[in-house]
Amino acid sequence: MNDPERPERKRKLFRRRPKDPDTLHGQKIVTGEELREVFDDGGQAEYLPGYRRRLLHGVVLALLLALVITAVVAALAIARGDLKVPFFQPEAAEPVACPTAVFSYPANEDVNVSVYNSTDRGGLAGTTADELRKRGYNVVDVGNKSLSNNSGTAVIVSGEAGQAGAFNLQQNINNTEYVADDREDDSIDLILGRGFAGLVPAGEVDESAGQLSCPRLSPSPTTTGAATGSAEPGSSSD
């Protein structure tokens, strides 16, 4: 038997509920007003930690790059001489001149000399040392040394204490070059060059007082100083 109220009950059972504008598929919809209430900071937005770290790294890298570029530009300017840095400037070398002191001729026995050969003439230092011993010199050593220019007669090297003895040797060997170094004793090095032809004959040695001779420095020395030069160990025969 048909129930006249049954269709009406079905319609009520399947009737759709009215839609809630604040939900979607059962999920709450957050409105803009609600977002503003949650995140409103008065206009003072705070950056996320990761963003701040990347920003800091970028600033540091930019500063380092600027410093490197500045250092390179400054170094190039200093190398070219465009930029003068006081503490990078080398100290001016003192002018070098031949000693101007006047020396009395000392006795040969008071001169301590080492004889060296800078040439390829075998036995040159040995035979010269023998001649000096015959004249009373104290020969300390015999060997070889090289000169940057050995075309001259000989180079005589000493410190200040050996200058009188060096003057003596210059009177016994014509056309020698005196060179000063910083040794403190009175020892003297006699380095023979290719122009060496022997000692001045004993009877012809000028024993009057005089000055050292430094032809390569200046023909007319005016200030007391030390001559420059070098004598380095070499391999030529003595």
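Note that the structure is a prediction, hence the values are computed from the model and not measured.
Transitive grouping of hydrophobic side chains (ILVMFWY, heavy atoms separated by less than 4.5 Å) keeps Val140 and Ile173 in distinct clusters. There is a path of hydrophobic side-chain contacts, each under 4.5 Å, that joins Leu56 to Leu64. Criterion: ILVMFWY side-chain heavy atoms under 4.5 Å apart, direct or through other members. Under it, Leu63 and Leu55 are not part of a common hydrophobic cluster.
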Worked check of side chain to side chain contact (heavy atoms under 4.5 Å, CB included) between Val179 and Ile191: CA-CA 11 Å; Val179 173; Ile191 308 170; over 6 Å; no
Audit row: Lys145, Val157, side chain to side chain contact (heavy atoms under 4.5 Å, CB included) steps and yes/no: CA-CA 12 Å; Lys145 281 192 177 181; Val157 186; over 6 Å; no
Steps toward side chain to side chain contact (heavy atoms under 4.5 Å, CB included) verdict (Glu177, Ser213): CA-CA 6 Å; Glu177 177 84 30; Ser213 175; over 6 Å; no
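In this structure, the separation between CG on Asn172 and CD on Glu207 is 8.0 Å, given to the nearest 0.5 Å. Summarising the geometry, atom CG belonging to Leu199 is positioned 10.0 Å from atom NZ belonging to Lys134; distances are rounded to the nearest 0.5 Å. Separation of atoms CG (Asp186) and CD (Gln163) is listed at 12.0 Å; rounding is to 0.5 Å. In this structure, OH on Tyr137 lies 15.0 Å from CG on Asp130, to the nearest 0.5 angstrom.
Heavy-atom contacts from other residues, nucleotides or ligands closer than 6.0 Å to CD of Glu184 number 12 or fewer.
Side-chain N or O atoms of Gln211 include one that pairs as donor or acceptor with a backbone N or O of Thr100 at under 3.5 Å. Formation of a donor-acceptor pair under 3.5 Å by the Ser118 side chain with backbone atoms of Leu192 is found in this model. Put simply, the side chain of Gln171 gets close to the backbone of Asp206: a donor and an acceptor are under 3.5 Å apart. Between the side chain of Tyr178 and the backbone N or O of Ser158, at least one donor-acceptor pair lies under 3.5 Å.
Applying side-chain hydrogen bond (donor to acceptor under 3.5 Å, both in side chains) to Arg194 and the options Asn150, Asp120, Thr119 leaves one that passes, Asn150.
Between Pro99 and Cys214 there is a side-chain heavy-atom pair separated by less than 4.5 Å. Side-chain contact between Ile188 and Asn168: absent, with no pair of heavy atoms (C-beta onward) separated by less than 4.5 Å.
Of all heavy-atom pairs between Ile156 and Ala166, the closest is CG2-CB, 3.7 Å. Shown here for Ala209 and Val102, the closest heavy-atom pair between the two residues is CB-CG1, 4.0 Å. When all heavy atoms of Phe196 and Leu124 are compared, the closest pair comes out as CD2-CD1, 3.9 Å. The two residues Asp185 and Ala161 have their closest heavy-atom pair at O-CB, 3.6 Å. Nearest heavy atom pair, residue Ala129 against residue Val142, reads CB-CG2, 3.6 Å. Phe167 and Phe103 get closest at one heavy-atom pair: CE2-O, 3.5 Å.
Remark: the Gln170 side chain and the Thr176 side chain contain an N/O donor-acceptor pair separated by less than 3.5 Å. With no hydrogens or angles considered, a side-chain donor-acceptor pair links Asp141 and Tyr116 at under 3.5 Å.
Asn149 pairs by the side chain to side chain contact (heavy atoms under 4.5 Å, CB included) definition with Ser151, not counting sequence neighbours.
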